[in-house]
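All heavy atoms count here, side chains included; hydrogens, waters and symmetry mates do not.
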Amino acid sequence: MTNVLIVYTTSTGNTQQMALAIAAGAQSVEGTIVSLKEAQEATKDDVRACDALIMGSPMRHRTADSRIKKFIEDVCEQLWLTDEMVGKVGGVFTVGGGYGDCGAGCELAQLGLLGAFAAGGMILVTLPKTTPGFQVAGMHWGPHGRSGGPGMEPIGITEEMKLAGWHHGANVARVAAELRGKNLLALGNVAPSKELLEQFANA
């Protein structure tokens with residue numbers, strides 16, 4: 001079975017809606033098990049057990065939510081030190097409004113999340129413009145659900161936005177199924193020192 005872990009946080013429920021759509025897409029791929037975890041509940045063992053990790057966040061002043069950042073620092077960074085994310089598959093998504101019509105910094109946020117995955121040696125799945133729903137939720141790095149209007153009025157995310165999320169989940173699951181059990185990336189570099197590992201463990 002291919003294990004897909006979706007880690008997200010939500011404040012108004014919109015990010016959770018997108019996470020559920022992505023989970024449904026991943027589950028549509030035969031042989032896939034999906035685990036949904038809020039960021040504060042997800043553990044290193046959850047990430048160790050997954051073949052693919054999809055991370056999602058609401059927007060907070062042009063960047064990801066602090067709860068997702070804490071997950072990156074407390075979980076992903078620890079596994080980066082020990083090279084336990086190398087070769088896993090990764091994808092991201094965001095949800096948010098913002099004043100005007102520029103996406104409230106969603107590209108910056110998605111690049112930040114993908115940067116953590118790239119540092120961990122993960123295989124990144126992006127969102128091609130061929131994806132159904134891309135015209136309303138396309139950010140080429142991952143789907144973005146625009147939940148607010150140009151005047152910051154809350155409008156929620158649409159079914160078409162969630163469709164892009166559904167396909168993103170399916171794409172990630174398919175790639176993870178193909179790569180499961182394969183070691184395609186070079187290994188053998190010197191690991192961090194014992195002292196550095198202890199320093200991070202006690203931080």
Side-chain angles (χ1 to χ4, degrees), residues 1-60 64-79 84-85 87-96 106 109-118 120 122-127 131-133 137-139 141-145 147 157 159 161-180:
M1 302 295 284
T2 304
N3 188 334
V4 175
L5 172 64
I6 301 172
V7 175
Y8 71 99
T9 190
T10 192
S11 297
T12 63
N14 288 312
T15 311
Q16 183 181 46
Q17 287 185 51
M18 185 66 86
L20 290 169
I22 289 169
Q27 287 172 329
S28 74
V29 178
E30 186 176 356
T32 301
I33 298 173
V34 177
S35 300
L36 272 166
K37 294 264 186 172
E38 291 217 25
Q40 56 269 36
E41 299 172 351
T43 67
K44 286 182 277 190
D45 285 339
D46 291 327
V47 177
R48 287 185 180 111
C50 79
D51 301 297
L53 171 58
I54 303 174
M55 191 158 51
S57 177
M59 298 304 305
R60 289 290 180 271
D65 188 283
S66 62
R67 292 166 288 184
I68 284 290
K69 291 180 178 178
K70 189 170 188 340
F71 167 75
I72 291 172
E73 292 178 7
D74 293 349
V75 174
C76 297
E77 188 174 48
Q78 301 291 320
L79 298 176
E84 294 179 74
M85 296 175 72
K88 293 182 184 292
V89 175
V92 302
F93 67 98
T94 50
V95 171
C106 56
Q110 290 191 9
L111 285 171
L113 301 180
L114 286 170
F117 285 173
M122 298 179 71
I123 308 297
L124 308 181
V125 176
T126 56
L127 191 75
T131 308
M139 182 34 67
W141 305 113
H144 174 73
S147 60
I157 60 173
E159 291 302 313
M161 293 173 189
K162 288 186 272 188
L163 179 64
W166 190 97
H167 283 285
H168 189 53
N171 288 347
V172 171
R174 280 192 292 268
V175 173
E178 290 293 326
L179 297 181
R180 189 171 185 273

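Applying the side-chain hydrogen bond (donor to acceptor under 3.5 Å, both in side chains) rule to Thr126 yields no partners; only residues at least two apart in sequence or on another chain are considered. For Arg174, the side-chain hydrogen bond (donor to acceptor under 3.5 Å, both in side chains) partners at least two apart in sequence or on another chain are Asn171. Take Glu84 and apply the side-chain hydrogen bond (donor to acceptor under 3.5 Å, both in side chains) test, not counting sequence neighbours, and it matches Arg48, Thr82.
Counting only heavy atoms from C-beta outward, the side chains of Ile72 and Leu113 approach each other to under 4.5 Å. Side chains of Lys44 and Leu79 form a contact here, defined as non-hydrogen atoms less than 4.5 Å apart. Side chains of Cys50 and Val4 form no contact here, defined as non-hydrogen atoms less than 4.5 Å apart. Side-chain contact between Phe117 and Leu53 is present, with at least one heavy-atom pair separated by less than 4.5 Å. Between Met85 and Cys76 the shortest side-chain heavy-atom distance falls below 4.5 Å. Counting only heavy atoms from C-beta outward, the side chains of Phe71 and Gln40 never approach each other to under 4.5 Å. Counting only heavy atoms from C-beta outward, the side chains of Val89 and Asp51 never approach each other to under 4.5 Å. Taking the side chain as every heavy atom from C-beta outward, Ile54 and Val92 never approach each other to under 4.5 Å.
For the residue pair Val75 and Ala42, the shortest heavy atom distance occurs at CG2-O, 3.8 Å. The two residues Ala176 and Ala52 have their closest heavy-atom pair at CB-CB, 3.8 Å. In terms of heavy-atom proximity, Ile123 sits nearest to Gly87 at CG1-O, 4.0 Å. Closest approach of Lys162 and Met18 over heavy atoms only: CA-SD, 4.2 Å. Contact detail for Ala164 and Thr131: the closest heavy-atom pair is O-CG2, 4.2 Å. In terms of heavy atoms, Ser147 sits closest to Ile157 at CB-CG2, 4.0 Å.
With hydrogens and angles left out, the side-chain atoms of His144 and Thr94 include a donor and acceptor closer than 3.5 Å. A side-chain donor from one of Asn14 and Thr12 sits under 3.5 Å from a side-chain acceptor of the other. At a cut-off of 3.5 Å, with distance as the only test, no side-chain donor of Thr32 or Gln27 sits close to an acceptor on the other residue. Thr10 and Arg67 share no donor-acceptor pair across their side chains, judged by distance under 3.5 Å alone.
Interatomic distance, CD1 of Ile22 versus CE of Met55, reported as 12.0 Å (0.5 Å rounding). Residue Gln78 holds its CD atom at 12.5 Å from OG1 of Thr43, rounded to the nearest 0.5 Å. A distance of 4.5 Å separates CD1 of Ile6 from CG of Leu36, quoted to the nearest 0.5 Å. Taken to the nearest 0.5 Å, the CD atom of Glu38 stands 4.5 Å off from the OH atom of Tyr8.
Lys70 and Glu73 are not joined by a salt bridge, as no carboxylate oxygen comes within less than 4.0 angstrom of a charged side-chain nitrogen. The existence of a salt bridge linking Asp46 and Lys37 is confirmed by a sub-4.0 Å separation between a basic side-chain nitrogen and an acidic carboxylate oxygen.
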Stepwise side chain to side chain donor-acceptor pair (under 3.5 Å) check, Arg60 with Ser11: CA-CA 11 Å; Arg60 289 290 180 271; Ser11 297; 2.6 Å; yes
Intermediate values then yes/no, side-chain contact (heavy atoms from CB on, under 4.5 Å), Trp141 and Val125: CA-CA 8 Å; Trp141 305 113; Val125 176; over 6 Å; no
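The closest donor-acceptor contact from the side chain of His167 to the backbone of Gly133 lies at 3.5 Å or more, if one exists at all. At least one donor-acceptor pair closer than 3.5 Å links the side chain of Gln110 to the backbone N or O of Gly142.
Just one residue in the list Ile68, Val7, Thr15 forms a side-chain contact (heavy atoms from CB on, under 4.5 Å) with Ser57, and that residue is Ile68.
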